[in-house]
Protein chains: 2
Amino acid sequence: MSTRGWLPVRDQDFSLDNLPFGVVRPPLGPRRVVTRIGDYVLDLAAAGIEPQLTAQPTLNALLLSGRGGDVRARAADVLTGRERLDLVHALDDVDVLMPFDVRDYVDFYSSLHHATNMGRILRPESEPLLPNWRQLPVGYHGRSGTVVVTGTDVARPEGLVAGADGVPRLVPTDALDFELEVGFVVGGPPATRISPDDAHHHVFGAVLCNDWSARDVQSFEYQPLVPNLAKSFATTISAWVVTFDALRPYLVAPPCQEPAPDPYLRATRPWAIDLHLEVDLNGTTITATNFATMYWTFAQQLAHITVNGATTRGGDLFASGTVSGPTAGELGSLMEATWQGTRPLELADGTTRAFLADGDTVTLRGWCGGDEPGRPRIGFGDATGTVVAAPARRRHAEEA
Amino acid sequence: MSTRGWLPVRDQDFSLDNLPFGVVRPPLGPRRVVTRIGDYVLDLAAAGIEPQLTAQPTLNALLLSGRGGDVRARAADVLTGRERLDLVHALDDVDVLMPFDVRDYVDFYSSLHHATNMGRILRPESEPLLPNWRQLPVGYHGRSGTVVVTGTDVARPEGLVAGADGVPRLVPTDALDFELEVGFVVGGPPATRISPDDAHHHVFGAVLCNDWSARDVQSFEYQPLVPNLAKSFATTISAWVVTFDALRPYLVAPPCQEPAPDPYLRATRPWAIDLHLEVDLNGTTITATNFATMYWTFAQQLAHITVNGATTRGGDLFASGTVSGPTAGELGSLMEATWQGTRPLELADGTTRAFLADGDTVTLRGWCGGDEPGRPRIGFGDATGTVVAAPARRRHAEEA
């Protein structure tokens with residue numbers, strides 16, 4: 001239990017050192033912006049903190065304003081000042097909602113281990129990494145309209161899959177997968193040609209991100225362009241935007257890049273993040289890794305997507321790409337962990353999985369610190385989703 | 001000159017049969033939704049037509065409402081009723097603005113001729129069409145935040161381009177191109193698993209779309225994923241959203257599809273559009289073709305992107321992909337018209353172009369009908385943009 005402040009903090013993910021932002025619907029009244037403290041939320045507008053930015057249905061006005069740091073500091077003042085129980089709600093009493101309206105969503109492919117694994121699986125006869133991979137952070141735009149908040153069920157998508165007879169058929173995917181990622185939320189006024197060393201001026205904070213993927217749909221559709229339907233049905237994010245300020249003590253040097261990238265991608269600041277990440281499938285921890293292993297940093301990613309003159313908008317989301325570490329227990333997708341389904345994983349309940357089954361629940365977790373004095377734990381909370389049957393099958397089951 | 005209504009209509013693109021929607025800033029007062037008639041705009045809110053939807057800075061509220069047809073009918077009533085010159089502005093007196101806030105932007109690749117040409121240019125040693133191309137409308141998500149309205153200058157983008165020594169360098173593109181496309185604007189409440197035969201319930205209207213492309217940046221970055229920076233710097237749309245109702249008389253049967261696609265992509269309605277399209281480069285018409293030649297229709301595209309359960313939002317934009325016809329004068333990009341720059345085009349001023357030069361102005365034009373009685377001309381207006389030097393070069397020129 002924290003000894004600071006007037007609220008008990010049993011959940012150490014969300015101490016006064018964290019104070020992430022989110023959106024809830026209280027029992028009475030409209031949606032509003034809050035900060036989370038332990039198992040409570042502080043109603044920022046009720047506390048008189050920038051109500052024009054916080055008596056809002058999304059974080060977007062706050063993201064655009066560039067005033068997140070001030071709002072967070074004033075929230076900390078309220079929570080360490082005179083007790084004001086009228087300003088807080090227990091988390092159990094509110095609906096936790098999608099925190100912001102996602103503008104452009106870009107998904108990267110920035111883990112050396114993940115990209116190497118995927119290359120080996122999909123193109124076993126050639127070099128796993130294509131020539132551009134070490135020269136620029138490869139990425140593409142995803143569907144922002146289907147980014148959903150933790151707790152939202154994910155319906156198994158249907159898509160065209162190659163048939164044995166050469167005729168593709170529309171079927172519910174048989175190769176539903178998760179991807180463990182970290183997403184960065186853009187704040188501030190529109191910006192372009194951002195230097196990696198200035199990235200922190202344009203990143204409001206971070207969330208966990210599950211880029212659900214249908215591997216069989218993906219393998220049929222993706223050439224010559226890109227996964228589209230295999231990814232666009234849902235992306236789950238955690239509900240609490242952990243601020244860049246809270247993450248700052250955990251910045252570390254990224255892995256050495258060889259060859260050195262073009263100057264527009266070079267940084268002097270340490271932009272990797274010492275962030276522990278886990279994936280839980282139905283109660284079994286199947287992956288535990290660290291975000292600091294990523295080859296390309298969020299700062300390089302932001303520099304890259306703006307180098308051509310493209311502008312950012314507050315509310316843009318860009319995700320790291322699947323986070324996989326170098327060892328067998330650090331793989332950020334089932335595609336890798338089961339080697340395209342050929343080596344099923346055993347779960348604690350004795351069942352096995354090549355890919356996800358209906359009813360499966362995937363939960364991403366992440367936190368910095370909590371390991372030694374002076375490094376308080378900064379948690380992200382869960383990004384969780386349960387797979388439900390594809391609508392056609394569900395309809396069939398209801399009729400039966 | 002039209003004999004109907006109380007306004008002279010010199011510009012036959014925008015007669016009473018068209019009445020597209022757009023957004024302008026009048027000399028006094030805030031942005032608002034208007035319909036265009038000849039060289040004038042009718043202020044819909046001032047006319048008392050659904051002011052909660054039309055006294056707005058974008059079309060988005062109107063797009064979401066599903067009330068576009070009613071608003072357009074009432075605008076026609078005003079324009080054919082008692083003269084009310086206080087409700088109109090001359091086009092020259094207003095700023096014409098971006099008509100709507102683009103939510104998700106999907107760009108397709110649906111012209112058989114374009115896809116075949118691109119395959120021949122980029123993969124000369126293999127079949128030009130990949131196996132999935134005739135099975136589904138290939139597409140990907142683009143950057144919605146850089147969709148700009150006609151008249152906006154386009155800065156030559158910089159990007160990493162492969163060097164002769166194997167080291168890529170950040171340079172202003174030497175292969176800047178246009179792409180002639182038609183974009184469809186989604187209206188109505190969120191929808192998913194849309195049948196092609198229901199597509200008209202979800203499409204508010206259409207615009208012209210120039211998907212500017214940097215071919216050298218594209219060829220370095222696009223594997224294994226997709227063009228990203230080569231496209232994300234700018235997409236120019238025309239300012240007037242031509243309603244689906246206005247286009248309805250020009251629907252025709254699309255080309256035969258062989259093999260027949262999966263049932264979810266089959267339509268019984270004729271969803272191709274007899275829409276004449278032209279590209280003008282510095283005063284020379286370099287392309288004249290017809291949108292009816294497209295292999296995949298907008299209805300199939302919309303069915304495809306929602307078949308996996310992904311939902312639409314009012315304000316989504318999806319573009320056809322480059323429109324190229326079968327003959328030499330019908331090519332929708334310089335990549336094709338100059339065969340990757342190897343056969344420069346001669347312009348009317350005697351200069352030649354392999355790709356676009358700084359100062360070049362590209363204008364897309366499109367219209368239906370106007371060719372015989374009972375087929376009034378429905379024009380789209382221009383989607384125009386002028387190329388300006390990349391910022392680094394521009395800075396250098398200013399210093400010199």
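Below, read A as the first sequence line, B as the second, and so on, with proteins coming before strands; counting in each chain starts at 1. Values below: all heavy atoms of this structure, side chains included; hydrogens, waters and symmetry mates excluded.
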Chain A heavy atoms under 4.5 Å from B:F233: which part of the residue, side chain, backbone, both or neither? both
Part of B:V167 within contact of chain A (heavy atom distance under 4.5 Å): neither
Please determine whether a side-chain nitrogen of the Lys or Arg among B:R143 and A:D316 lies less than 4.0 Å from a carboxylate oxygen of the Asp or Glu. yes
Which one, B:V106, B:V102, B:L265, B:L229, leads in non-hydrogen pairs under 4.5 Å with chain A? B:L229
Quick check on the interface: out of B:P157, B:S144, B:G309, who has the most heavy-atom pairs with chain A under 4.5 Å? B:S144
Nearest atoms (heavy-atom pairs only) where [X] meets [Y]:
| X | Y | answer |
| --- | --- | --- |
| B:Q135 | A:L160 | O-CD1, 3.4 Å |
| B:N228 | A:H141 | OD1-CE1, 3.2 Å |
| A:A310 | B:S232 | CB-O, 3.6 Å |

Apply salt bridge (Lys or Arg N to Asp or Glu O under 4.0 Å) to A:D197 and list each qualifying residue two or more places apart in sequence or on a separate chain. none
List in chain and number order the residues that pass salt bridge (Lys or Arg N to Asp or Glu O under 4.0 Å) with B:R215, two or more places apart in sequence or in another chain; answer none if no residue qualifies. B:D177, B:E179
Residue, of A:T312, A:T192, A:L170, A:V307, that accumulates the most heavy atom pairs under 4.5 Å with chain B: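 It is A:L170.
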Find the one option among A:G159, A:P168, A:A162, A:P261 whose heavy-atom pairs under 4.5 Å with chain B are most numerous.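 Counting heavy-atom pairs under 4.5 Å, the top option is A:P168.
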Out of curiosity, B:L136 CG to A:E221 CD, how far, rounded to the nearest 0.5 Å?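 With rounding to 0.5 Å, CG (B:L136) is 7.0 Å from CD (A:E221).
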Before you tell me yes or no, could you show the steps for A:D101 and B:R103 under side chain to side chain contact (heavy atoms under 4.5 Å, CB included), namely the whole-Å CA-CA distance, both residues' side-chain angles and the distance that decides it to 0.1 Å? CA-CA 10 Å; A:D101 182 34; B:R103 305 307 311 230; 2.7 Å; yes
Under 3.5 Å, is there a donor-acceptor pair between the B:R313 and A:T146 side chains? no
Do A:Y105 and B:D104 have side chains that approach each other closer than 4.5 Å (heavy atoms only, starting at C-beta)? no
